[in-house]
Number of protein chains: 2
Amino acid sequence: MQSTELERVTLLLRQMIMAGEFVPGARIAEIPLASRLGVSRTPVRLALGILEQEGLLTSAPHKGFWVREITIDEIADAFDVRGALEALACRRAVERGLDVANRIVLEECLALGEALVAKGALTEADTRSWSEMNARFHEAIVAASRNIPLANALAFVGRLPLVSPGAIAFTQGLEAAFQNMQKVQAEHRDIVDALVNGQASRAAALVQEHAYKSREKLRRGLERLRGEQIVANVPGLKLVVG
Amino acid sequence: MQSTELERVTLLLRQMIMAGEFVPGARIAEIPLASRLGVSRTPVRLALGILEQEGLLTSAPHKGFWVREITIDEIADAFDVRGALEALACRRAVERGLDVANRIVLEECLALGEALVAKGALTEADTRSWSEMNARFHEAIVAASRNIPLANALAFVGRLPLVSPGAIAFTQGLEAAFQNMQKVQAEHRDIVDALVNGQASRAAALVQEHAYKSREKLRRGLERLRGEQIVANVPGLKLVVG
DNA sequence: GCTCGGTTGATTGCATGCAATTCTCTTTGC
DNA sequence: GCAAAGAGAATTGCATGCAATCAACCGAGC
């Protein structure tokens, strides 16, 4: 699938960073990384540049790259941005007329969510398919807006760890995850209802609140981990809590 | 100032693209470009990667880079995104309390705008200082929101040509530019008024409309140029009008 | 004992060589 | 005359060598 080393290295490196393999603020030297990944410095260097553009790394001339320190507040703020953009997407989707293809995707997502909620029990696999469904749901809304810069901007903010709709929900356990899932499913239902009935501002308000709830849920989850300077084992990235 | 070739090449290349030196859709080969800029392929390659991330170029493995074709609709859509984001910035700025530093910047921008409008006559230099003032104005609003992902997202959409507040207004002549300037100045006054009086939703609505007016002004300006497949001499980039 | 300066080591930045892929032009077959 | 296949040229992708810059450590001077 990936025809070049650069793509492979970029993907790998992104996963490594997101998995928290590097201490935030720590320098990432090219040579050890290259030998670790079994390639030369060239693709590594290019990949680092890409990840810098994505906001995961920082660099300075002759000083190299290091992992950006991301605060909880920054993650939370990104959710506000996501809410505002998705609200715009809803308004545009309604104004331009919700097309059939995306409507079908939305309803499929609703059905899948319904099935997961009805099933009651939750395995790890269920959580994964929920996440994928959630990602598809939000993508469909954006696609329905037919606004390319909007989609790009959303992808941009989604590059921050935990912000993308596909990020694994940050909950205490499967039980809490399930309760949250029920709430989210209800919100999804309302959003789709507003969209198919042409209620632009209602849909916009609902997704905005939807994002806000995600934000606060995440914040509560992260706040619990205060105390250590660096939050480890967060699915996504080590975060600076200072 | 720029200590590396990469920075120099990136800046130069961005300017060249924005100035429309390349036909949209045309391939950009590394070797001729490198020899033209007097450097080796390495920094050129890195710069091309950066500009791809910025949305000005596209690439495919083993096929190199080419200039992205940007439609008028895409530019217009980006204005909607800008409006939504700046509206969010206004709400947050008010909610968090407009800080003194940014308030001063806003009022200085107002004063400068007032002076330019009062002056009546408009030179090229006036247009430039107006643009710089406009950029500072919008930056201050974003800075006042103290939301870093928001600022990043706005910078992201602003990378599209003509979308950034600092882009030279697209008007028919100095006379029309002046009339537009008067309107914009009035809008700026209202926005600052809302911000300093803590009227969050009013300020949000005003900036959104502000962006919408910019969008429509630009669209009218570009529509006039339909007919040719490619619009040349647009300050920013050659645009595909199809 | 502390600070400032020099020197050494390491790392980044750039140039270039080589292999792999793609594109193009030509030639052959129908 | 046109289409398809093959060979050659050109370009990208990657590896590596070398120079410039930076950081750290050590020593000297105050």
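Bear in mind that the values here come from a model prediction, so they are computed numbers and not experimental data. Chain identifiers are assigned alphabetically (A, B, ...) following the order of the sequence lines, protein sequences preceding nucleic acid strands; residue numbering begins at 1 within each chain.
The nearest whole Å value for the distance from the CD atom in A:Glu30 to the P atom in D:dC22 is 15 Å. If you take CG of B:Leu33 and P of D:dT11, they are 12 Å apart, rounded to a whole angstrom. For the pair A:Arg45 CZ and D:dT16 P, the interatomic distance rounds to 16 Å; values are reported in whole Å. Between the CG atom of B:Leu46 and the P atom of D:dC14 there is a distance of 12 Å, rounded to whole Å. Here the C1' atom of nucleotide C:dT22 and the CZ atom of B:Phe65 are 16 Å apart, to the nearest Å. The CG-P distance, from A:Leu37 to D:dG13, rounds to 19 Å in whole Å. To the nearest angstrom, C1' of C:dT12 lies 14 Å from CD of A:Glu52.
In terms of modelled atom types and a separation under 3.5 Å, the side chain of A:Ser214 and the main chain of A:His210 share a donor-acceptor contact. No side-chain donor-acceptor contact under 3.5 Å links A:Ser164 to the backbone of A:Leu160. The backbone N or O of A:Gly25 lies less than 3.5 Å from no partner atom in the side chain of A:Arg68, so there is not a single donor-acceptor pair.
For B:Thr4, whose side chain is taken as the heavy atoms from C-beta onward, the closest listed nucleotide among C:dG13, C:dT22, D:dA15 is C:dG13. Closest approach to the A:His62 side chain among C:dC14, C:dG13, D:dC14 is made by C:dG13 (side chain taken as heavy atoms from C-beta onward). Of all nucleotides listed (D:dT16, C:dC14, C:dT12), D:dT16 comes nearest to the side chain of A:Ser40. The side chain of B:Ala29 sits closest to D:dT12 out of D:dT12, C:dG13, C:dT16.
Side-chain nitrogen and oxygen atoms of B:Thr42 include none within less than 4.0 Å of the OP1 or OP2 phosphate oxygen of C:dC14. Listed pair A:Lys63 / D:dA23 meets the phosphate criterion, a side-chain N or O lying under 4.0 Å from OP1 or OP2. Close to D:dG13, at under 4.0 Å from its OP1 or OP2, lies no side-chain N or O of B:Arg41.
The salt bridge (charged side-chain N to carboxylate O under 4.0 Å, His left out) with B:Arg219 is formed by just one residue from the set B:Asp77, B:Asp73, B:Asp80; it is B:Asp73.
Among the protein residues, B:Ile28 comes within range of the sugar-phosphate backbone only, with heavy atoms under 4.0 Å from sugar or phosphate atoms but none that close to a base. Here B:Ile31 lies in heavy-atom contact (under 4.0 Å) with a base.
Ring pair A:His138/A:His188 is perpendicular by interplanar angle, where above 60° counts as perpendicular and below 30° as parallel.
Each of A:Val39 and B:Pro32 has a nearest nucleotide on DNA chain D; the 5'-most of these lies closest to B:Pro32.
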